[in-house]
There are 2 protein chains.
Amino acid sequence: MAPTSETLTAERILEATEEVLRRHGPAKATVVDVARALGVSHGSVYRHFRTKAALREAVTKRWLDRTSEALSGIAADDRDPEGRLRDWLRTLFEAKRRKAGLDPELFATYRVLTDENGTVVGEHLADLTAQLTRIVRAGAEAGTFAAPDPEAAARAVFHATGRFHDPCHAHEWERPGVEEEFTAVVDLLVRGLRAP
Amino acid sequence: MAPTSETLTAERILEATEEVLRRHGPAKATVVDVARALGVSHGSVYRHFRTKAALREAVTKRWLDRTSEALSGIAADDRDPEGRLRDWLRTLFEAKRRKAGLDPELFATYRVLTDENGTVVGEHLADLTAQLTRIVRAGAEAGTFAAPDPEAAARAVFHATGRFHDPCHAHEWERPGVEEEFTAVVDLLVRGLRAP
DNA sequence: TGGATGACAGTTATTGAAATCTGTCAGCTG
DNA sequence: CAGCTGACAGATTTCAATAACTGTCATCCA
């Protein structure tokens with residue numbers, strides 16, 4: 001099909017896989033499809049990724065990392081922690097919502113991994129909570145937040161906002177009124193975090 | 001099988017259906033099975049319930065109402081609102097968790113209805129948030145909580161605790177550490193609710 | 001000789017025919 | 001006559017045969 005006779009690299013395979021996944025979805029996409037899209041035999045794909053699951057994970061990791069990077073910018077700046085927290089949560093919500101809407105098939109792939117409890121999703125979650133912890137800790141140090149254990153507080157905030165980022169709630173993200181629900185939850189959490 | 005030749009009542013059909021559902025699960029249970037269990041023809045079942053979906057909904061409603069009643073006792077007493085809120089949330093969590101563990105098939109039926117967006121689940125959720133609103137309002141009136149809009153605050157609390165009662169999170173309810181997560185979230189929410 | 005290939009074994013998905021199920025209703029029965 | 005029955009049409013599910021896929025590896029080529 002596109003026998004672009006460059007050398008076959010892991011990166012090129014990931015790109016092709018993402019495309020195939022986007023077109024066919026996780027249930028129908030096969031590694032034979034990926035090989036066909038690259039104009040090689042499927043044996044060559046297995047030289048770079050031990051299993052189909054590993055390939056799926058690698059694609060999802062790349063996809064997830066793009067969100068993480070955008071967020072880490074917010075987590076790392078030095079504005080007031082409360083505003084940063086609000087921004088970070090809102091950006092996370094909107095990123096997930098956009099991905100669910102625009103890339104439904106890749107989002108479905110992400111969901112498959114979530115159910116399979118793969119390491120990639122675990123690492124993604126760990127990364128996100130680490131970023132949140134950083135914000136909460138900054139707030140605690142600045143005296144804005146009362147958080148004796150910033151990591152535990154960050155996890156609580158992450159769990160409490162699950163409705164707005166956990167893939168199993170994706171079908172509720174386009175309902176009218178979610179915006180208000182989101183704001184109400186974040187307001188409540190921020191008040192709970194503030195120093196007396 | 002058990003042709004208990006009493007008159008065929010909606011109640012008896014519901015009991016039989018619950019049993020069939022418990023044994024076969026929502027995917028395999030048929031109304032022919034229900035009829036067989038009652039020793040009648042399936043046409044008789046259709047005299048009492050217009051469709052299979054209606055039957056499923058009615059069974060789930062009964063099942064859900066049992067939890068609601070236990071909770072309404074807590075919502076209605078007149079202890080301090082903060083303790084009541086904590087009790088209510090914990091009882092809800094434990095009831096859902098117990099049902100998911102002990103009645104996996106009926107729980108799966110509940111999940112089917114959740115996805116189908118049936119009225120029964122909507123009513124159940126409305127009932128629960130109404131109970132929560134009652135508690136929050138009591139707290140606002142007593143001056144314990146700062147909640148200008150008790151209903152909105154109750155919804156926020158309900159959404160923020162979704163991880164501990166929404167069926168799509170059921171698989172996480174037996175993980176070690178959920179207890180602590182639950183406590184951390186509830187503590188944070190209660191602090192957010194308290195009057196300054 | 002490093003990388004690609006395609007045939008192969010074992011497993012999983014697809015297909016279409018047969019069986020079962022849902023929902024209706026004319027007629028039976030007590 | 002109120003309530004139950006069982007035959008029926010159309011939709012859905014099951015099942016077994018067939019096809020496709022995953023992962024391996026002896027072989028090939030540049």
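A, B, ... follow the sequence lines: proteins, then strands. Residue 1 opens every chain. This one's a predicted model, so the numbers in the text were calculated from it and none came from an experiment.
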Nucleotide [N], atom [atom2] - distance to [atom1] of [X] in whole Å:
X       : N      : atom1 : atom2 : value
B:His24 : C:dC21 : NE2   : C1'   : 14 Å
B:Tyr46 : D:dG6  : OH    : C1'   : 14 Å
A:Arg47 : C:dT1  : CZ    : C1'   : 12 Å
B:Arg36 : C:dT22 : CZ    : P     : 10 Å
B:His48 : D:dT5  : NE2   : P     : 11 Å
A:Asp33 : D:dA20 : CG    : C1'   : 11 Å
A:Arg12 : C:dA4  : CZ    : P     : 10 Å
B:Leu38 : D:dG3  : CG    : P     : 17 Å

Under-4.0 Å side-chain N/O to phosphate OP1/OP2 contact, A:Lys28 with C:dT14: yes
Donor-acceptor pair between [X] and [Y] side chains, under 3.5 angstrom:
X        : Y        : answer
B:Asp65  : B:Ser68  : no
B:Gln131 : B:Trp88  : yes
A:His159 : B:His169 : no

All pairs passing side-chain hydrogen bond (donor to acceptor under 3.5 Å, both in side chains) where residues 104-114 of chain A contributes a residue, at least two apart: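 Listed once each, the pairs are A:Lys96-A:Tyr110.
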Touch class at under 4.0 angstrom, heavy-atom based, for B:Ser41 against every strand present: base
5' precedence on DNA chain C between B:Val31 and A:Gly43 (nearest-nucleotide basis): A:Gly43
Per B:Lys52 side chain, nearest of listed nucleotides C:dG23, C:dC21, C:dT14: C:dG23
Charged tip of B:Arg97 within 45° of B:Phe93 ring normal and under 6.0 Å: yes
B:Ser44 vs B:Ala27, nearer the 5' end of DNA chain D by closest nucleotide: B:Ser44
Earlier contact from the 5' end, DNA chain D, for B:His42 and A:Thr51: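 Result: B:His42.
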